[in-house]
Amino acid sequence: MDIKETKYLILNTMEKKELCLEDLIKKIEEQKKAIEDKDETLVLKIIGEKNKIIETFHNFEDELNSLQDLLSPGDIKDLAQKGKSLKISLEKLLETIVSMEEECENRISLNMQEVEKKIFKLQEGKKIGKGYGRFLKNRPLFSRKV
C-alpha cells in the first residue's frame with residue numbers, strides 16, 4: 001500500500017468516525033425523549049444500540065491506529081494539516097456527546113430521587129398501618145349476629 005492510499009484511508013476512517021458520532025448523538029436524543037417519557041425498556045434498548053455504535057467507533061479507532069503506524073512522522077504532520085477540520089469537527093461532536101450524556105444522567109438522577117421519595121412514603125405508610133395493630137386486621141367483615 002502506498003502513502004497516498006494510506007492517507008486516503010486514514011481520512012476516510014476519520015469521516016466514518018464522524019458519522020458514528022453523529023449517529024450516537026441521534027441515539028442520545030432518542031434516549032433523552034425516552035427518559036422524559038419514563039420508558040425504561042426503551043432507554044435500555046437505546047443504550048444497547050449506543051453500545052454497538054461505540055464499539056464500531058472503537059473499531060475505526062483501532063483501524064486508524066494501525067494505518068498511522070505505516071506512515072512516517074513527516075507524513076503524519078502533512079496528514080494532520082489536511083485532517084485539521086475533521087479533527088475539530090470530531091472534538092466538537094465529542095463535547096456535545098459528553099454534555100448530552102451528563103444531561104441524561106442528571107434527568108435519570110432526578111427520576112431516581114422521585115422514586116426514592118415514593119418508596120420512603122410507602123414505608124412510612126406501612127409503619128402507620130402497623131400502629132393500628134392487629135385488631136382491625138382480624139375483625140370479620142360481617143357481623144355474626146345476623
Side-chain angles (χ1 to χ4, degrees), residues 1-139 141:
M1 189 179 328
D2 67 336
I3 294 173
K4 286 184 179 182
E5 188 176 338
T6 304
K7 288 180 180 180
Y8 172 76
L9 287 174
I10 288 174
L11 291 173
N12 191 26
T13 304
M14 288 181 69
E15 289 172 355
K16 289 178 184 177
K17 284 174 55 175
E18 184 178 32
L19 291 174
C20 264
L21 293 180
E22 289 171 356
D23 289 343
L24 190 58
I25 287 175
K26 290 176 187 173
K27 287 296 173 188
I28 294 172
E29 288 172 352
E30 290 177 27
Q31 177 181 316
K32 284 171 63 175
K33 184 168 178 359
I35 291 170
E36 288 174 5
D37 296 342
K38 297 183 181 183
D39 188 353
E40 295 89 13
T41 55
L42 184 59
V43 171
L44 292 175
K45 178 184 172 195
I46 291 171
I47 288 173
E49 293 170 356
K50 282 178 18 185
N51 286 338
K52 290 177 185 175
I53 293 171
I54 291 170
E55 186 177 324
T56 304
F57 181 83
H58 285 292
N59 290 339
F60 288 140
E61 189 74 23
D62 293 340
E63 181 182 335
L64 193 63
N65 288 335
S66 65
L67 289 171
Q68 279 181 333
D69 292 340
L70 301 173
L71 297 176
S72 68
D75 292 330
I76 291 174
K77 284 184 180 181
D78 181 47
L79 187 63
Q81 292 296 325
K82 290 181 181 176
K84 192 172 186 175
S85 64
L86 271 173
K87 179 185 173 193
I88 292 170
S89 175
L90 288 171
E91 288 173 350
K92 286 181 182 179
L93 288 171
L94 285 171
E95 288 173 3
T96 302
I97 287 170
V98 168
S99 68
M100 290 175 78
E101 283 292 340
E102 287 174 351
E103 186 178 334
C104 285
E105 183 181 346
N106 290 337
R107 287 184 182 182
I108 288 174
S109 176
L110 289 174
N111 288 345
M112 289 301 296
Q113 288 175 358
E114 289 176 17
V115 169
E116 287 173 355
K117 286 179 186 176
K118 289 179 184 177
I119 290 173
F120 183 72
K121 287 180 182 178
L122 287 173
Q123 288 174 342
E124 269 187 28
K126 275 185 162 182
K127 289 178 185 176
I128 291 171
K130 285 182 182 179
Y132 285 104
R134 294 185 177 196
F135 176 73
L136 294 175
K137 291 182 183 176
N138 293 336
R139 234 169 91 192
L141 294 175

Completion exercise
Residue set satisfying salt bridge (charged side-chain N to carboxylate O under 4.0 Å, His left out) with Lys26, at least two apart, ordered chain then number -> none
Completion exercise
Sequence neighbours excluded, the answer for salt bridge (charged side-chain N to carboxylate O under 4.0 Å, His left out) partners of Glu18 is none
Problem - CG on Asp23 to CD1 on Ile53, rounded to 0.5 Å - result: 5.0 Å
Handout entry: Side chain Ser109, main chain Glu105, donor-acceptor under 3.5 Å
Key = no
Problem - With Glu116 via side chain to side chain contact (heavy atoms under 4.5 Å, CB included) - residues at least two apart - result: none
Problem - For Ile76, all residues meeting side chain to side chain contact (heavy atoms under 4.5 Å, CB included), sequence neighbours excluded - result: Leu71
Exercise for the section: Any chance you could measure Met100, atom CE, to Leu93, atom CG, to the nearest 0.5 Å? Expected result: 10.5 Å
Problem - Lys27: partners by salt bridge (charged side-chain N to carboxylate O under 4.0 Å, His left out), with sequence neighbours left out - result: Glu30, Glu49
Handout entry: Between CD1 on residue Ile28 and CD1 on residue Ile47, distance to nearest 0.5 Å
Key = 10.5 Å
Exercise for the section: First locate atom NZ of Lys87, then atom CG of Leu79, and finally report the distance between them rounded to the nearest 0.5 Å. Expected result: 12.0 Å
Can you give me every donor-acceptor pair (side chain of residues 8-17, partner residue at least two apart or in another chain, under 3.5 Å) with its distance?
from	atom 1	to	atom 2	distance (Å)
Thr13	OG1	Leu9	O	2.7
Thr13	OG1	Glu63	OE2	3.3
Lys17	NZ	Glu61	OE1	2.5

Practice task
Mind checking side chain to side chain contact (heavy atoms under 4.5 Å, CB included) for Thr56 and listing every partner two or more places apart, or none if nothing turns up?
Solution key: Cys20, Phe60
Exercise for the section: With sequence neighbours left out, write down each residue that passes side-chain hydrogen bond (donor to acceptor under 3.5 Å, both in side chains) with Glu101, or none if nothing qualifies. Expected result: Lys50
Problem - Reported CG-to-CG distance for the pair Asn59 and Leu64, which is rounded to 0.5 angstrom - result: 12.5 Å
In a table with atom names and distances, give each donor-acceptor pair under 3.5 Å that connects a side chain of residues 36-43 to protein atoms at least two apart or in another chain.
from	atom 1	to	atom 2	distance (Å)
Glu36	OE2	Arg107	NH1	2.4
Glu36	OE2	Arg107	NH2	3.4
Asp37	OD2	Lys33	NZ	3.2
Lys38	NZ	Glu114	OE1	3.1
Asp39	OD1	Thr41	OG1	2.9
Asp39	OD1	Leu42	N	3.4

Handout entry: Sequence neighbours excluded, every pair satisfying side-chain hydrogen bond (donor to acceptor under 3.5 Å, both in side chains) that has a member inside residues 68-82
Key = Lys7-Asp78, Ser72-Asp75
Handout entry: CD1-CG distance between Ile46 and Asn51, expressed to the nearest 0.5 angstrom
Key = 12.0 Å
Handout entry: For Leu19, side chain to side chain contact (heavy atoms under 4.5 Å, CB included) partners two or more places apart
Key = Glu22
